[in-house]
Amino acid sequence: MSSKRLLPLVLILLILGVLAVWLKREQPSSRLAEEVGLERLLPTTFRAEAVSGIELSLGTQPEDVVRLRKHEGNWVLPSRFEAPGNSTKIQQLLAQLSSLEGELRADSPALLEDFQLKDDQALSLKLYTDHAKTPALTLLVGKTSGNNSFMRRSGDTKVYAVNLNVQTLAGLSSTSSAQSLTAKPWLDLRLQNVPREQITAVELQAPTRTLRFTTSPAATNQAAPPAWTLAEPVLSYSVKSEAVESLVTTLRTIQGDDVVDPANLVSYGLEAAPYRAVLVLQGSAQEAQQVTLLIGTEVPEKHGSRYARLSSGGPVYVLPQWTWQRLFPTLGTLLDLRLLQVSEDEVVQVAFQQDGETWEVARDTTEVASTWHLVGDTEATLDETTLHTLLGTLTQLSAEDLPAVPPVSTGLEQPALQITLTLRDGRTAPLLLGQAISPEGGGYYASRGNTSEVAIVSASMQRTLTDAVTRLKPGAPAPEKSRVIP
């Protein structure tokens, strides 16, 4: 046979060889789904964007249905006062469902109970598209483990193991059998999300006091927090800018804990809200505008939480106690309420007045290592450890708050305790402690000697100072010396 006749045969054989190799390589991949039992749970025609409604219910509590509905492009919860839904979470679920594949584990009605996939056991997930009253597809979710669960299509006995746990997304736990389905996991609980760079002022209106802090517009790429100024009221104390900035961050990104029926604004105290937190915004080439958060009365069944709503309307939220208290803290959180600020090394004498008794201690500066003694009785034993601890507390003492209104009685005219520090240059720094601000406690009145400038120190600070002074009183028991164990 001539070479011209052999050449076409050789080419044909080469092509067939390459084709055989290619088919051999592709065969395992194409049969993989069949070999391990993988199958799509939703038809290939399913499109996540076509879903207009979702319903979830438990087979054990079929009457409690969580309904989600798409309205004008956004998700809302008709079963929870039409509150806004967490669109990001909902869209992610639909995207996962659209490509969900499962491994076939069983195909028998008798085995459904073992997988907790009977109709009266499972979590039902209904998806609606064109017909609002008829679901396009219903999935049942049974036993779960971590991020995995068993699922089946309604009307089908095939059980699939899938890498998706809808029960966890719905707020259900695999470790508890007695639980109810709620709408809360699907809610968007953000009250607002205000851009930081537009904020120029924050105003905190409480029943007894209004605070207004101002700053210049912050640059978007500014690394350090901006400086804040107290515009109202006018006080001599400096502002803790980082604390104010933290408060503003809480307010501009504030989130609730739940939503309630918006029809009861009067009972929530939101028609005339006792607390208002206002952000003043100044955008580029725009007039200033305000965003106001209204905070009402306490929620009866949730101690410390309060009702809240934006003044522009919308849902009524339950605001956790820790959140609203961060918005209305004591003044000592936002201002540097320093009562005394001296160096301990500068103090050469301390005078005490307590329970009608007066006495003094002085520093002996003639020795290399200065010591302290009781004035008038140099031989008396003095608890220098307690004295040094007391001076360390006094020289950096800050108040917790300032009275919102001038108190009728403070006890500072005849203070229960008075301490006066004398410095090397002859200056004095007095501290007066008066009575409790209320019979229930909550702090004590204090002053730097001028009774017209009244501050409030915490009850724990009052006890610390009082106990230390009592141990320094003449005739007090000598401090116990630590025993040395040989």
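Along the sequence shown, residues are numbered consecutively beginning with 1.
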Considering all heavy atoms, the nearest [X]-[Y] contact:
X      : Y      : value
Gln321 : His303 : OE1-O, 4.1 Å
Leu117 : Gly142 : CD2-N, 3.2 Å
Pro430 : Gly449 : CG-CA, 4.1 Å
Leu172 : Ser180 : CD2-O, 3.8 Å
Leu270 : Gly296 : CD2-N, 3.5 Å
Thr395 : Val342 : CB-O, 3.1 Å

With rounding to the nearest 0.5 angstrom, report the [atom1] to [atom2] distance, [X] to [Y].
X      : Y      : atom1 : atom2 : value
Thr393 : Leu390 : OG1   : CG    : 6.5 Å
Ile54  : Leu77  : CD1   : CG    : 9.5 Å
Leu94  : Leu127 : CG    : CG    : 6.5 Å
Asn193 : Arg190 : CG    : CZ    : 6.0 Å
Asp64  : Ser57  : CG    : OG    : 9.0 Å
Lys126 : Ser154 : NZ    : OG    : 8.0 Å

Measure from the side-chain N and O atoms of [X] to the backbone N and O of [Y], and report whether any donor-acceptor pair falls under 3.5 Å.
X      : Y      : answer
Thr297 : Tyr268 : yes
Gln61  : Leu58  : no
Gln435 : Tyr444 : no
Ser52  : Thr129 : yes
Asn148 : Asn165 : no
Ser149 : Leu164 : yes
Lys184 : Asp257 : yes
Ser98  : Ala95  : yes
Thr333 : Pro329 : no
Trp324 : Gly304 : yes

For residues [X] and [Y], determine if any side-chain heavy atom of one lies less than 4.5 Å from a side-chain heavy atom of the other.
X      : Y      : value
Leu402 : Ile456 : no
Ile295 : Phe328 : yes
Leu279 : Gln192 : yes
Leu310 : Leu294 : no
Thr389 : Leu391 : no
Leu433 : Leu465 : yes
Leu387 : Leu472 : yes
Leu339 : Leu394 : no

Under-4.0 Å salt bridge between [X] and [Y]:
X      : Y      : value
Asp401 : Arg209 : yes
Lys473 : Asp383 : no
Lys143 : Asp114 : no
Asp188 : Lys89  : no
Glu346 : Arg427 : no
Glu101 : Arg40  : no
Arg153 : Glu39  : yes

Step by step, work out the side-chain hydrogen bond (donor to acceptor under 3.5 Å, both in side chains) result for Tyr128 and Glu55. CA-CA 8 Å; Tyr128 293 82; Glu55 285 187 3; 3.2 Å; yes
For the pair Leu97 and Leu139, evaluate side-chain contact (heavy atoms from CB on, under 4.5 Å) and give the outcome as yes or no after the intermediate values. CA-CA 10 Å; Leu97 290 173; Leu139 295 174; 3.9 Å; yes
Assess whether side-chain contact (heavy atoms from CB on, under 4.5 Å) is satisfied between Leu41 and Val162, documenting all intermediate values. CA-CA 9 Å; Leu41 271 75; Val162 299; 4.1 Å; yes
So for atom CD, which belongs to Gln414, do other residues, nucleotides or ligands contribute more than 12 heavy atoms lying within a distance under 6.0 Å? no
State whether the number of non-hydrogen atoms from other residues, nucleotides or ligands found under 6.0 Å of Asn147 atom CG is greater than 12. no
Indicate whether the side chain of [X] and that of [Y] have a donor and an acceptor atom separated by less than 3.5 Å.
X      : Y      : result
Glu103 : Tyr160 : no
Gln205 : Glu203 : yes
Arg338 : Ser398 : yes
Glu82  : His71  : no

Would you please test Asn264 and Tyr307 for side-chain contact (heavy atoms from CB on, under 4.5 Å) and show each step? CA-CA 11 Å; Asn264 303 317; Tyr307 299 107; over 6 Å; no
Would you please test Arg326 and Ser246 for side-chain hydrogen bond (donor to acceptor under 3.5 Å, both in side chains) and show each step? CA-CA 9 Å; Arg326 285 192 67 180; Ser246 176; 2.6 Å; yes
Would you tabulate the side-chain donor-acceptor contacts of residues 224-243 under 3.5 Å, counting partners in other chains and residues two or more places apart, or write 'none'?
unit_1: Trp228; atom_1: NE1; unit_2: Glu245; atom_2: OE1; d: 2.9
unit_1: Lys240; atom_1: NZ; unit_2: Gly332; atom_2: O; d: 2.8
unit_1: Ser241; atom_1: OG; unit_2: Trp228; atom_2: N; d: 3.0

Please determine which of Leu187, Leu293, Val259 meets the side chain to side chain contact (heavy atoms under 4.5 Å, CB included) test together with Tyr317.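 It is Val259, the one option of Leu187, Leu293, Val259 that forms the side chain to side chain contact (heavy atoms under 4.5 Å, CB included) with Tyr317.
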Check the pair Phe115 / Glu113 against side-chain contact (heavy atoms from CB on, under 4.5 Å), numbers first and verdict last. CA-CA 5 Å; Phe115 294 98; Glu113 185 173 2; over 6 Å; no
Taking only residues two or more places apart in sequence or in another chain, which ones pass ring pair (Phe, Tyr, Trp, His ring centres under 6.0 Å) with Phe46? none
